[in-house]
Amino acid sequence: MQLSSRAWSSISNWTGRTALAPCRGSLFALSSSSATTTSVLVARSPQSQLAKSSRWYSSHAHKSEVAIKNSRNIGIIAHIDAGKTTTTERILHYAGFTRKIGDVDSGDTIMDYMKQERERGITITSAAITFGWKDHRINLIDTPGHVDFTIEVERSIRVLDGAVTILDAVAGVEAQTETVWQQAARQGIPRIAFVNKMDRAGAGFGRTVREMRSRLGCRPVVVQIPLMEAGKNSTGNGNEVGFNGVVDVLSMEVLRWDSDSKGANISKQALDTSYPDQELYQEAVKARVALVEQLAALDEHIIELFLTLEDHMAIETKDLQAAIRRLTLSSTIVPVLCGASFRNIGVQPLMDSVVNYLPSPEERPAAVGRMADGKLVEIGHGGIKERLCALAFKVVHDTRRGPMVFVRVYAGQLNERAQLWNSTTHTKERANKLLQMYAMDVEEIPHITKGNIGVILGLKDTRTGDTLLDAHDPRKGLALTGIKVPSPVFFASVEPMSTSDEKPVEEAIKALIREDPSLGVRVDEETGQTLLGGMGELHLEVAKERLISDFKVKAEMGRMRISFKETMRGAGVVSQVPSWEYDREVLGKRGRAKVGISVERLERMEDVEDTKAVEMSEKEKSGKKNNKEIEHHAGPEEYDGNEIIISLTEQSPSTDEAGAQAASERAAMDGTVIPSGATDLPIPMLRTAVKNGICSALSRGPLLGFAQTHLRVRLTDLHLYGGDSTPAAISSCVSAAVTEAIRLGGNTSASDSNSVLLEPIMDVRVEVAEKDVGTVIGDISGTRRGRVLSLDGQTTEDTESDETEFQVYAPPDPTYTAPGASSSGSGIPGMADRKSIQAQVPLSSMLGYDAALRALTGGTGKFSMEVIGYGEMDFDRQRELIKEMRGG
């Protein structure tokens, strides 16, 4: 059948795939089942005859402002095995990007392209892809759900504008669901929720919505309810209630997906008083009434419409959508949809919701950068003439192309062959080529416009979290907020097979750590072993496999051990070295410097954040600067759980002795340091040298050489000796002074007793049957030295009081409760007696807990855990550990 250009245009307008082109042999069908069924024109897509989508460049639109308005940078976040990759594969298929739907079990998915991912059937690294949907360009990142790879979620969320949270309808809100939710909340990312696996036995949409309220603390707004009908379901049993579609609460329509077309054909039927199942109609009316009342309580426009119309059903769909969008963009509510991705149900409305409810880059708050002098500036609201500013959020090592640096452009335009300035490392770079990523496939592009995501080839020194500027930008010190990298909690030795393999292994580890900053490496000075640190057993196992298979090196990895940390003993202890002089000759060149250092023990990392907030607030309130001084204090910096304070003030030359004395007094009152002596080094270079010295000292402790944490290090004095005071000499002097201050620990003599070991503390979530609660709690609090925080996820008083203000609507769950149960039904036979235990337990006590929990619960218990911080080890255990590791 030949299609005219006008006919093709109408089809493109309906499907929203303006990037599609008609291909010979494409099949189209008109679906119409009844008088009340809306006729839907759909593009049927047999594997051999799918209209292929042309790929969308980051510079696709001719006008950048149109491209930004119609762009969506979104991520898929969820607990492991909630269906992220399965949903993403359907999204790509319905968008016309793929001819075939990939399957996780078969190992042929587009997004999970690594060998390790396909072997294990899980997502390990985040994958980016760009496609078109309804006149919009969507840059999508599929993230891992395993806790070992949480850095992938952290750095992806840092550059995204919105997120789709997928929940398992059977398991509900899980531990990693809470973790990724909190990660998104820290970045202020608007979210929509998709309750997946509604076709599974024991699925509970209503229960999951209630858990979103109680455990995630959000305001879930139900925009769809599941269509549960008796008859033949996915299990083949004709007597059970099965999931067959969804009810759109806004348009009051029943949506069903055609299984023969793999979900490409959707039939819509009006849901009104003439619908055969009046019980479903009444529940849909209840859902719409609840939706209108929820929106009216939060949106003035909806309350005005309701007061005018005085009918919940009379408010138009477009008005409700506009209100939902406004409230979603402000993170006030979370729209909740449902479906079953594996059965190809509910995916297209989810894609529509991404376009309708999640923000474009220009609808997000402006990115904030910090200048070298500490001043905060907004990035991205300066118009089309604003200079380039981009953030590198991911690095991938490619054996053929070299390092591939993923960037998000926040201002200006990144052009091919452009000269760049890395303001984090203070080095020049060149963008040799620009690429658009399609998971493992690439396409070369001429430029990346503002608000978009792309890849740069040719960058040598750029790492995760670095800021890239135009090489000619005078704002050399401008830096965007970096990416928080968790500290490794396990480590294992990496041994080259032979001497000739040492160099390749060293280079491979460097490339691996540049790609995954949550890995860490250090060399044991006593044994000479190279120790590779990671977030867990799976993390290190994958790293080992990649060293062998991807980097082709010959090495063996030793047994995994816990990575402890060190700090000064006693919270609040302050150790000072008022004057430490370094004077040494290296390779015939003299190096000399003198510094003063103060080191204070912090009880926990929250102290760092609290102090940082107070000092920044006081600084903003004062806002006063002397015209004769240029302040180079960028505020306290966080480094691996420590706080570094380097406040240097450069005083302009003055012959007025009284003026110089007054400036010194003001600097002392402000806590800033005026370098004394002679030097030609600028303040930023001095500051970098001091910071490098502090970081070097903190990277190794006096007890077992573990990194140090929970310390506040402050520079109190700096004296320079002209050309002898090189950056290397300053760093060495500072490093030695900090090491001495920590060894003293506030005492008059250095001793091992002045330091203490810290062990990783895990936030553990255990789900067990009610009859096993006592046994499991006794094991956690007794044998495993843990502290139980809550039972069954009890909410705080604040959440309970807010519950009266926001009434949660949750439909009944036919697969859990008896038919006809109310929406406030208490729960789920077989699952209502399960309890959730939250506890904090030392990581060393959790080794082998999987087998122990199975023994305690008869195989029915399950748990998850993540690192939340470090706790002080008792003296006896510390002594035993030191003896064991030193071999004494």
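Positions are given from 1 along the sequence. Heavy-atom basis, side chains included; hydrogens, waters and symmetry copies ignored.
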Quiz prompt | Minimum-distance pair of heavy atoms, taken over all atoms of Ala171 and Glu211 | solution = O-OE1, 4.3 Å
Practice problem: Nearest 0.5 Å please: distance from the CD atom of Gln321 over to the CG atom of Leu295. | Solution: 11.5 Å
Quiz item: Looking at OG1 of Thr177 and CD of Glu174, how far apart are the two atoms once the value is rounded to the nearest 0.5 Å?
Solution: 5.0 Å
Practice problem: Please list, chain by chain and in numerical order, all residues satisfying salt bridge (charged side-chain N to carboxylate O under 4.0 Å, His left out) with Arg90, sequence neighbours excluded. | Solution: none
Quiz prompt | Donor on one side chain, acceptor on other, Asn244 and Trp257, under 3.5 Å | solution = no
Quiz item: Minimum heavy-atom separation for Cys218 to Trp181, with atom names?
Solution: CB-CZ2, 3.6 Å
Quiz item: Is the shortest side-chain N to carboxylate O distance from Lys484 to Glu154 below 4.0 Å?
Solution: no
Quiz item: How many angstroms lie between CD1 in Ile266 and OH in Tyr94, if you round to the nearest 0.5 Å?
Solution: 8.0 Å
Quiz item: In Å and rounded to the nearest 0.5 Å, what is the CD1 to CD1 distance from Ile91 to Ile110?
Solution: 13.5 Å
Quiz item: Are any of the side-chain heavy atoms of Gln838 and Leu791 separated by less than 4.5 Å?
Solution: no
Exercise. Output yes when Glu363 and Arg325 qualify as a salt bridge under the 4.0 Å nitrogen-oxygen rule, no when they do not.
Key: yes
Practice problem: Look only at the side chain of Arg343 and the backbone of Phe243, and say whether a donor-acceptor pair between them is shorter than 3.5 Å. | Solution: yes
Quiz prompt | side-chain hydrogen bond (donor to acceptor under 3.5 Å, both in side chains) evaluation trace for Asn139 with Asn452 | solution = CA-CA 8 Å; Asn139 298 316; Asn452 282 295; 3.2 Å; yes
Quiz item: Which atom names give the shortest non-hydrogen contact between Ala169 and Met198, and what distance separates them?
Solution: CB-SD, 3.6 Å
Quiz item: What closest approach, in Å, do Ala95 and Gly132 show between heavy atoms, and which atom pair accounts for it?
Solution: CB-O, 3.6 Å
Practice problem: Please determine which of Thr86, Thr87, Thr88 meets the side-chain hydrogen bond (donor to acceptor under 3.5 Å, both in side chains) test together with Ser341. | Solution: Thr87
Quiz prompt | Non-hydrogen atoms of Pro220 and Met212 that approach each other most closely | solution = CB-CE, 4.2 Å
Quiz item: Distance only, no hydrogens: is a donor on one side chain within 3.5 Å (strictly under) of an acceptor on the other, for Asn356 and Ser353?
Solution: no
Quiz item: Is it true that Glu293 and Arg288 have a side-chain N and a carboxylate O under 4.0 angstrom from each other?
Solution: no
Quiz prompt | Closest approach of Ala201 to Val170 (non-hydrogen atoms, all atoms of both residues) | solution = O-CG2, 3.8 Å
Practice problem: Show your reasoning for whether side-chain hydrogen bond (donor to acceptor under 3.5 Å, both in side chains) applies to Ser71 and Arg137. | Solution: CA-CA 5 Å; Ser71 293; Arg137 179 179 61 254; 2.7 Å; yes
Quiz item: Side chains of Ser836 and Glu767: is there a donor and an acceptor less than 3.5 Å apart?
Solution: no
Exercise. Decide yes or no for Met313 and Val285: does some side-chain heavy atom of the first lie under 4.5 Å from some side-chain heavy atom of the second?
Key: yes
Quiz item: Does a sphere of radius 6.0 Å around CZ in Phe342 hold more than 12 heavy atoms from other residues, nucleotides or ligands, not counting ones at 6.0 Å or beyond?
Solution: no
Quiz item: Is Arg765 salt-bridged to Asp763, going by a charged N under 4.0 Å from an acidic O?
Solution: yes
Output side-chain donor-acceptor pairs under 3.5 Å for residues 140-147, partner residues at least two apart or in another chain, one line each.
| from | atom 1 | to | atom 2 | distance (Å) |
| --- | --- | --- | --- | --- |
| Asp142 | OD2 | Thr85 | OG1 | 3.0 |
| Thr143 | OG1 | Ile76 | O | 2.6 |
| His146 | ND1 | Asp148 | N | 3.0 |

Self-check item: Polar side-chain atom of Gln348 near backbone of Gly263 as donor-acceptor pair, under 3.5 Å
Solution: yes
Exercise. Assess whether atom CD of Gln278 is packed by more than 12 heavy atoms of other residues, nucleotides or ligands within 6.0 Å.
Key: yes
